[in-house]
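Working notes, beginning with the structure itself.
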Amino acid sequence: MRLGILGSGLMGAKLGTIFARAGHEVVFSYARSEDKLKRLARKAGGKARAGTPREAAQDADAVLLAVHWLRFDDVLERAGDLSGKVVITCSLPMNEGDTELVVARTSSGAEELARRIPRARVVAAFGTVPSEVLFGVYERRRRAGRPSLVCCGDDRKSKNVVVKLIRDVGFDPIDIGPLRMARYTEPFTMLIARLAYEVKGGPALAYRFERL
Ligand SMILES: NC(=O)c1ccc[n+]([C@@H]2O[C@H](COP(=O)([O-])OP(=O)(O)OC[C@H]3O[C@@H](n4cnc5c(N)ncnc54)[C@H](OP(=O)(O)O)[C@@H]3O)[C@@H](O)[C@H]2O)c1
């Protein structure tokens with residue numbers, strides 16, 4: 001697949017690298033330094049390259065939006081027309097200090113994003129785990145007992161694309177239904193962040209649902 005990364009920080013850099021190693025054609029974009037994007041592309045190997053947000057989005061089958069909530073307007077403007085594209089968001093609607101969700105309960109960051117780009121097909125995925133766990137999950141992908149990863153969105157075909165990417169990273173995908181379910185996954189991520197960063201054991205934390 002051709003994948004555009006909009007935001008090459010903790011999440012975008014790691015997911016983009018894993019996507020490239022899994023054989024996808026990746027364009028890293030939207031960092032404050034072009035050198036960083038080039039370095040990332042070199043390190044990721046495969047068919048990865050650096051580009052502008054517009055180049056990342058242009059021919060992409062899917063784009064990953066991995067920026068702070070306060071940077072949405074800027075990155076979307078730079079990416080240009082996303083009509084018809086699968087837009088995967090791992091972003092949370094956090095305040096400037098990253099202490100609170102600024103959208104919750106009656107809406108979600110993912111739904112607000114979908115309202116801003118109504119012709120795109122928004123799927124929320126990857127945002128429920130800390131970036132620190134991603135490489136570990138990829139390395140363990142051939143072992144039994146993969147960790148779960150929830151995703152939600154209103155378009156079935158787009159979710160199928162995302163489910164495949166979730167598998168490529170090494171998770172067991174769980175489609176939890178329409179995009180409005182992000183109203184529950186986003187606060188759930190606050191719980192995961194608490195466990196990852198504030199409770200003993202370290203941030204390389206994933207979750208796994210089991211039916212008994
Ligand atoms: N980190 C996590 O573990 C985690 C987990 C779940 C969800 N999330 C969500 O995922 C999203 C991305 O998080 P992150 O931790 O990956 O953020 P991050 O590390 O801060 O990355 C954001 C990216 O945006 C770029 N950027 C920021 N300001 C810019 C500007 N003025 N011009 C151009 N580029 C700019 C950064 O550039 P530089 O590379 O130059 O810094 C970076 O590449 C957030 O919405 C967050 O809530 C994060």
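Ligands are counted one by one from 1 in listed order, and the atoms in each one are counted from 1 as well. The analysis underlying the following values was restricted to heavy atoms, covering all of them including side chains, and did not include hydrogens, waters or symmetry mates.
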Numbered atoms and elements of ligand 1 in range of [X], under 4.0 angstrom, heavy atoms:
X: P130; result: 3 (O)
X: Y197; result: 3 (O)
X: V129; result: 5 (C), 6 (C)
X: S131; result: 2 (C), 3 (O)
X: C90; result: 7 (C), 8 (N), 9 (C), 10 (O)
X: K36; result: 38 (P), 39 (O)

Ignoring hydrogens and angles, state whether a donor on the side chain of [X] or [Y] is under 3.5 Å from an acceptor on the partner side chain.
X: S8; Y: Y30; value: no
X: D35; Y: S33; value: no
X: E186; Y: T189; value: no

Checklist entry - Closest approach of H24 and L165, non-hydrogen atoms and distance? => result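 Minimum heavy-atom contact is NE2-CD2, 3.6 Å.
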Checklist entry - For the residue pair A124 and A110, what are the closest heavy atoms and their distance? => result CB-CB, 4.0 Å
Distance-only N or O hit between ligand 1 and [X], under 3.5 Å:
X: R78; result: no
X: L92; result: yes
X: Y30; result: yes
X: M94; result: no
X: L10; result: yes

Item to check | From E186, R32, K14, M11 - option closest to atom 40 (O) of ligand 1 by heavy atom | outcome: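 Going through E186, R32, K14, M11 one by one, R32 has the nearest heavy atom to atom 40 (O) of ligand 1.
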Item to check | Heavy-atom protein contact below 4.0 Å for atom 3 (O) of ligand 1 | outcome: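 Given the 4.0 Å cut-off, atom 3 (O) of ligand 1 counts as touching protein heavy atoms.
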Item to check | Close side-chain approach of L149 to I174, heavy-atom, < 4.5 Å | outcome: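 No, too far: nothing below the 4.5 Å cut-off.
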